[in-house]
Amino acid sequence: MRFAAYNIEHFDRAFTNQNVPEPDHKRQKKDPLPQIEAVGTVLSEIDADLIGITEAPNTASSANAVKSTVACLEAFAAQAGLRARKCVFGFNAGTQEIAVLYDPDSLDVTHKPSGTAGSKKSPRFDEPFLYDADEDGLQELHKHDRPPLEVHVERKDGGAPMDLFVVHAKSKGIFNSLDLVHLERTSRRNRLRLFAQAASIRERVDRLMVDDARVMVMGDINDGPGMDEHEAKFGRSAVEIIMGDLFEPEKILRCYAGRPKWKRFGWEPSTTRFFDQITEDPINAMIDLIMTSQSIKPAGDDAYRIWNPYEMWTKKQREATENKALFEALTSASDHFPVSFDFD
């Protein structure tokens with residue numbers, strides 16, 4: 001079985017308000033391919049049974065609007081000829097939605113929100129919750145900017161069922177010059193929000209981690225161990241919060257990508273690139289992840305794959321005829337690269 005996670009940058013812009021793919025839309029004028037064509041090529045190559053998509057097309061909230069995440073993605077999958085052609089969508093975030101495309105011939109996937117409506121400690125993901133993010137003994141009120149998608153997955157090949165969370169956590173980015181004046185304060189606030197969202201996800205994972213439960217968390221965490229100096233001040237990252245407690249090792253989620261190493265252009269392996277808020281230098285980062293409970297075993301030594309063409313191939317290999325089409329598709333489709341995981 002192969003599952004994949006993919007942040008497809010502003011994928012909403014590649015569809016009309018009538019849920020029709022825009023064949024000529026490009027993310028950037030310099031891109032060699034339109035986004036729809038590029039994403040179709042990438043996902044056809046990955047050929048996953050299930051794809052967790054972040055920055056999916058929007059579902060409009062107004063009564064007269066027809067824009068639909070499900071309609072857009074199923075129209076796209078049909079046009080691209082993907083076997084992962086059915087869509088599941090959870091709570092409406094308004095923009096940059098979270099969704100799943102899956103192969104109905106191999107899987108049954110249903111939205112299965114947990115939590116208790118109205119609870120402040122463990123509510124549904126579309127409701128506010130209480131958490132002491134700065135560890136001062138006082139709980140603050142938090143919310144998920146984009147409610148994580150919880151789905152239950154049944155396999156048609158007789159394999160064990162599993163529960164899946166698709167996540168797009170709060171970005172730590174600073175987006176305007178006014179914020180730069182308050183860089184320290186803004187960075188601290190954003191990181192605490194990220195910690196709270198990660199803790200909310202982990203609380204839900206802990207509920208499921210009984211016996212040999214099969215649990216997977218995938219998506220854009222917008223953080224990673226050793227990501228920046230602000231993390232060092234708190235001594236933890238959002239990824240480590242989601243992974244679990246060292247004192248309960250049997251409940252720790254595994255990520256088979258391994259720990260990234262700092263190299264010339266930033267972290268490697270990497271799934272995206274961002275720009276330093278002060279120097280504006282590009283820095284590679286691994287923030288798109290797939291994490292699994294220990295009962296989910298990788299299928300082979302190369303089960304976990306980051307589809308970053310700059311790390312997959314040398315410059316000469318990228319220009320080779322057999323790789324050029326996929327290279328152009330990966331760089332035209334998104335500012336993130338997808339991640340896939342093969343498991344038994």
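Cluster membership for V39 and F89, using ILVMFWY side-chain heavy atoms within less than 4.5 angstrom, is not shared. Residues M291 and V339 share a single hydrophobic cluster, defined by chaining ILVMFWY side chains whose heavy atoms lie under 4.5 Å apart. Both L330 and I53 sit in one connected hydrophobic cluster of ILVMFWY residues. Membership requires side-chain heavy atoms under 4.5 Å apart, directly or through other members. The hydrophobic clustering, which links ILVMFWY residues whose side-chain heavy atoms are closer than 4.5 Å, places V153 and L149 together. V42 and W313 fall within a single hydrophobic cluster, where Ile, Leu, Val, Met, Phe, Trp and Tyr side chains are chained together by heavy-atom contacts under 4.5 Å.
Surrounding NZ of K26 are more than 12 heavy atoms belonging to other residues, nucleotides or ligands, all under 6.0 Å away. The 12-atom threshold is exceeded at CG of D157, counting heavy atoms of other residues, nucleotides or ligands nearer than 6.0 Å. Summarising the local packing, CZ of R13 is surrounded by 12 or fewer heavy atoms from other residues, nucleotides or ligands at distances under 6.0 Å. Within 6.0 Å of atom CG in L246, 12 or fewer heavy atoms from other residues, nucleotides or ligands are found, so the atom counts as exposed in its surroundings. Shown here is K251, whose NZ atom has more than 12 heavy atoms of other residues, nucleotides or ligands within 6.0 Å.
Every residue two or more places apart in sequence or in another chain was checked for a side chain to side chain donor-acceptor pair (under 3.5 Å) with D136, and none qualifies. Here D163 pairs with H152 under the side chain to side chain donor-acceptor pair (under 3.5 Å) rule; sequence neighbours left out. With sequence neighbours excluded, no residue forms a side chain to side chain contact (heavy atoms under 4.5 Å, CB included) with A78. Applying the ring-ring contact (aromatic ring centres under 6.0 Å, His included) rule to H168 yields no partners; only residues at least two apart in sequence or on another chain are considered. Every residue meeting the ring-ring contact (aromatic ring centres under 6.0 Å, His included) condition with F343, not counting sequence neighbours, appears here in chain and number order: F3, F341. Q96 pairs by the side chain to side chain donor-acceptor pair (under 3.5 Å) definition with E55, R146, not counting sequence neighbours. Taking F11 as the reference, F15, F76 meet the ring-ring contact (aromatic ring centres under 6.0 Å, His included) condition, with sequence neighbours excluded. Residues that satisfy the side chain to side chain donor-acceptor pair (under 3.5 Å) test with E319, not counting sequence neighbours, are K315. The side chain to side chain contact (heavy atoms under 4.5 Å, CB included) check on R83 picks up D47, D49, R85, D103, S106, with sequence neighbours excluded. Under the ring-ring contact (aromatic ring centres under 6.0 Å, His included) criterion, H111 pairs with F91, not counting sequence neighbours.
Taking a cutoff of 4.0 Å between a charged side-chain nitrogen and a carboxylate oxygen, K156 and D108 qualify as a salt bridge. Checked for salt-bridge contact, R191 and D223 meet the test: a charged N lies under 4.0 Å from a carboxylate O.
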> What's the verdict on side-chain contact (heavy atoms from CB on, under 4.5 Å) for H144 and V167, showing C-alpha distance, side-chain angles and the deciding distance?
Replying inline: CA-CA 10 Å; H144 288 278; V167 176; over 6 Å; no
> Can you list the steps and then say if R202 with L253 is a side-chain contact (heavy atoms from CB on, under 4.5 Å)?
Replying inline: CA-CA 10 Å; R202 181 65 212 192; L253 300 180; 3.7 Å; yes
>> side-chain contact (heavy atoms from CB on, under 4.5 Å), that's the test. Do D12 and T95 meet it? Break it down for me.
In response: CA-CA 8 Å; D12 180 71; T95 61; over 6 Å; no
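Note on residues 281-311: pairs passing ring pair (Phe, Tyr, Trp, His ring centres under 6.0 Å), not counting sequence neighbours, are Y310-F327. Residue pairs meeting the ring pair (Phe, Tyr, Trp, His ring centres under 6.0 Å) criterion with at least one member in residues 27-57, sequence neighbours excluded, do not occur.
Between the side chains of E97 and T59, not a single donor N or O lies within less than 3.5 Å of an accepting N or O.
In this structure, CD in E250 is found 7.5 Å from CD in Q294, a value given to the nearest 0.5 Å. Atoms OG1 and OH, on T271 and Y6 in that order, are 11.0 Å from each other to the nearest 0.5 Å.
Within the 4.5 Å cutoff, the side chain of T292 has heavy atoms near those of the M216 side chain.
R204 forms no cation-pi arrangement with F165, by the criterion of a distance under 6.0 Å to the ring centre and an angle within 45° of the ring axis.
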